[in-house]
Amino acid sequence: MQYHDVRVHPESDRLPRPEQLAWKIAQVAADPVPVEAAVTDMIINRLIDNASVAMASVNRHSVMSARAEALAHRREGGATVFGMGPNVRVHAEWAAWANGTAVRELDFHDTFLAEEYSHPGDNIPGILAVAQQCRRSGADLIRGAATGYEIQIDLARAICLHKHKIDHVAHLGPSVAAGIGTLMRLPPAVIYQAIGQALHVTTATRQSRKGEISSWKAYAPAHASKMAVEAVDRAMMGETSPTPIYEGEDGVIAWMLDGKNAHYRVPLPEMGEPKRAILSSFTKEHSAEYQSQALIDLAFRMGQKIKNWDDVDDVLIETSHHTHYVIGTGSNDPQKFDPQASRETLDHSIMYIVAVALQDGSWHHVHSYAPERARRPDTVRLWRKIHTIEKPEWTQRYHETDPDKKAFGGRIVIRMKDGSVIADELAVANAHTLGATPWQRADYIRKFQTLSEGIVPHQEAERFLDIVQNLPNLKAGELHMLEIAIPERDIRQNTAEGIFNFGQAKPAAVTAATSTALAS
């Protein structure tokens, strides 16, 4: 890796294009370096992972709304929409919108955490949509996805957004634009302009992840992906972007991040160096914020030692700065203790998550968040006894650059009313590469089968798994075969009238194309 010094430059400096971060990213994207076999395998795993959570969320309200908007923008030969089968096509940017929302809705796919937080699997919907519409091959998609992961993860390693209350999807717009640039084999000059535009229009505040968390949490990455597709389209037609977008005196760093005295060291692969960043990311076994994964596994084994939950006097979670201040009591969000809170808020409350994991010894993406589960009196009593503190050693491990030392876990100390103490700790989740049961291809397949059960017919699920595992061999124009068809009776529609479908007839279900796709 090569480290690039990034600072704010006054306009009088006229920072040359080759010295700008956006240009350096564009060069990485345009580098035709081959993709390593391990990276290809992991990209296939993450395509399966994304499909798993998209199928599980396909009938949730925000996903139905995004799908309804996408279906109002049909395009022959366009991109596919999750659940609609390969014959229903829409404009690529709207497929990125609908599919990106489906992937993020349950907050149940992959993660990378460093200076900034990220879900790098969010890169896939936009890159895949463009690949389908532009009739690219499976090998092209793999190259584009490898770049998307690389750029978002490298930015997250170096540039913190959250301490300035900027949402982490500000790293996603540039990474999707770069990934599409790789996919389309665009020259660096075009990719550079697309990156600048994508960043400029995807910076927003973190209020979407604070307090009473709304459905926009699922839409935010989809919006960034949609904006990136549009930015590449404009750049391909010769349009330009605000520059230098990162280093300019009125740019993102100067006014949204560390200001005029900022200094970042951003790692990027050297020319000819394979893009391996995806191998540093990790997916979720449990449907909850990633920093809760190890603590859920820990709570499972600790909960077996408690017979009566009312005998618990106090539960302390010692953990990292991020866990304490974002999903713990350091956030000072009263909603994180509210039994009436939304699912989106509950999956960002480590106090709620640990309470349920202790009591149930299991985790389910629906049942663990059901209103009746959140409002159970003994759970509410236990939940309100839980608090967090930051411990420097856990914060240090969170930011550790050595992957063998990096950890996102913590220590739980349960004090009983009789004075006895139950204490234990876990550094990494069981599914982590260094965990007790590190995930392999079979685990991703099992996750897909579990989350799609009762939604995707068995024959269709097996067809998808066969196709996706043959991704490197898919020819140009065959990527629509990655789409999953759900029977009309099992996929719901949001029939409320919006601007895009105003005055249009509402379909009873989906379309005949879904049934046709299944029959074939």
Side-chain angles (χ1 to χ4, degrees), residues 52-66 83 101-109 208-209 211-219 283-293 295-300 302-304 306 308-310 312 315 317 327-328 331 333-386 429 431 446-456 486 489-494:
S52 302
V53 295
M55 292 302 100
S57 68
V58 75
N59 287 326
R60 291 178 63 84
H61 195 274
S62 61
V63 179
M64 289 192 291
S65 296
T101 303
V103 165
R104 178 56 82 86
E105 166 68 15
L106 291 176
D107 207 352
F108 197 3
H109 60 326
S208 59
R209 299 169 201 286
E212 187 175 343
I213 300 175
S214 73
S215 59
W216 183 253
K217 184 171 76 72
Y219 286 125
T283 197
K284 296 179 179 180
E285 183 174 4
H286 313 298
S287 177
E289 175 84 358
Y290 190 82
Q291 289 85 333
S292 67
Q293 299 294 301
L295 292 170
I296 290 173
D297 290 333
L298 178 59
F300 287 169
M302 294 181 74
Q304 298 174 12
I306 301 171
N308 186 340
W309 301 108
D310 287 328
V312 174
V315 180
I317 302 172
I327 62 174
S331 67
D333 281 353
Q335 294 90 346
K336 293 190 190 311
F337 287 99
D338 183 1
Q340 309 296 324
S342 66
R343 183 197 190 280
E344 290 78 10
T345 297
L346 295 177
D347 81 0
H348 281 61
S349 168
I350 193 61
M351 294 72 68
Y352 174 77
I353 290 166
V354 166
V356 173
L358 282 168
Q359 291 185 326
D360 293 359
S362 62
W363 197 265
H364 190 273
H365 64 285
V366 175
H367 306 322
S368 296
Y369 295 105
E372 60 273 19
R373 184 67 195 82
R375 298 166 192 168
R376 210 173 85 184
D378 65 326
T379 298
V380 175
R381 291 194 297 272
L382 177 63
W383 178 5
R384 291 176 175 169
K385 295 174 183 177
I386 300 174
R446 186 180 67 254
K447 183 175 178 179
F448 175 79
Q449 291 169 334
T450 300
L451 296 187
S452 65
E453 185 177 6
I455 301 169
V456 181
I486 297 175
R489 66 180 182 277
D490 294 327
I491 188 167
R492 300 175 194 161
Q493 294 293 327
N494 184 343

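Position 1 is the first residue of the sequence; numbering continues from there. All values derive from a computational prediction rather than experimental measurement.
Rounded to the nearest 0.5 angstrom, Ile296 CD1 and Leu358 CG are separated by 10.5 Å. Atom OH in Tyr369 sits 10.5 Å away from atom OG in Ser342 (nearest 0.5 Å). Atom OG of Ser57 sits about 12.0 Å away from atom CZ of Arg104, to the nearest 0.5 Å. With values rounded to the nearest 0.5 angstrom, His348 atom NE2 is found 7.5 Å from Ile327 atom CD1. Here OG of Ser452 is found 12.0 Å from NZ of Lys447. Values are rounded to the nearest 0.5 Å.
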Open item on the list: What verdict does the side-chain contact (heavy atoms from CB on, under 4.5 Å) test give for Thr379 and Gln359, after you've listed the backbone C-alpha separation in whole Å, the side-chain angles of each residue and the deciding distance to 0.1 Å?
Closed with: CA-CA 8 Å; Thr379 298; Gln359 291 185 326; 2.5 Å; yes

Open item on the list: Determine whether Leu382 and Val312 satisfy the following criterion, side-chain contact (heavy atoms from CB on, under 4.5 Å), listing intermediate values before the conclusion.
Closed with: CA-CA 7 Å; Leu382 177 63; Val312 174; 4.0 Å; yes

Task: Arg376 vs Val356, side-chain contact (heavy atoms from CB on, under 4.5 Å): CA-CA, chis, key distance, verdict - done: CA-CA 10 Å; Arg376 210 173 85 184; Val356 173; over 6 Å; no

Task: Test side-chain contact (heavy atoms from CB on, under 4.5 Å) applied to Lys336 and Ser331, step by step - done: CA-CA 9 Å; Lys336 293 190 190 311; Ser331 67; 3.1 Å; yes

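Judged purely by atom type and a 3.5 angstrom limit, Asn59 uses its side chain to pair as donor or acceptor with the backbone of Arg492. Counting only distance, with no hydrogens or angles, the side chain of Ser349 and the backbone of Tyr352 share a donor-acceptor pair below 3.5 Å. Remark: side-chain polar atoms of Ser52 are paired, donor with acceptor, to backbone N or O of Phe448 under 3.5 angstrom.
The heavy-atom pair separating Tyr290 from Lys284 by the smallest distance is N-CE, 3.6 Å. Here the closest non-hydrogen pair linking Ala299 and Val354 is CB-O, 4.2 Å. Minimum heavy-atom separation, Thr101 to Ser62: CG2-O, 3.9 Å. Of all the heavy atoms in Met64 and Val58, the pair that sits closest is CG-O, 4.0 Å. The shortest heavy-atom contact between Trp363 and Phe300 is N-CZ, 3.7 Å. Closest non-hydrogen pair, Leu451 versus Phe108, comes out as CD1-CE2, 3.6 Å.
Taking a cutoff of 4.0 Å between a charged side-chain nitrogen and a carboxylate oxygen, Asp378 and Arg381 do not qualify as a salt bridge. Under a 4.0 Å N-O distance rule, the pair Lys217/Glu344 does not qualify as a salt bridge.
Arg446 is listed as a side-chain neighbour of Thr450, based on a closest heavy-atom distance under 4.5 Å. Contact check for Val315 versus Met351: no side-chain heavy atoms found under the 4.5 Å cut-off. Counting heavy atoms from C-beta outward, Arg384 and Pro339 have side chains that approach closer than 4.5 Å. Under the 4.5 Å side-chain criterion, counting only non-hydrogen atoms from C-beta, Thr345 is not in contact with Asp338. Using a 4.5 Å cut-off on side-chain heavy atoms (C-beta onward), Ile350 and Glu289 make no contact.
Pairs of residues two or more places apart, or lying in two chains, that qualify as salt bridge (charged side-chain N to carboxylate O under 4.0 Å, His left out) and include a residue from residues 347-365 are Arg343-Asp347, Asp360-Arg373.
Applying the 6.0 Å contact sphere to NE2 of His61 captures no more than 12 heavy atoms from other residues, nucleotides or ligands.
When only modelled atom types and interatomic distance are considered, Gln293 and His286 share no side-chain donor-acceptor pair under 3.5 Å.
Under the ring pair (Phe, Tyr, Trp, His ring centres under 6.0 Å) criterion, Tyr219 pairs with Trp97, Trp216, sequence neighbours left out.
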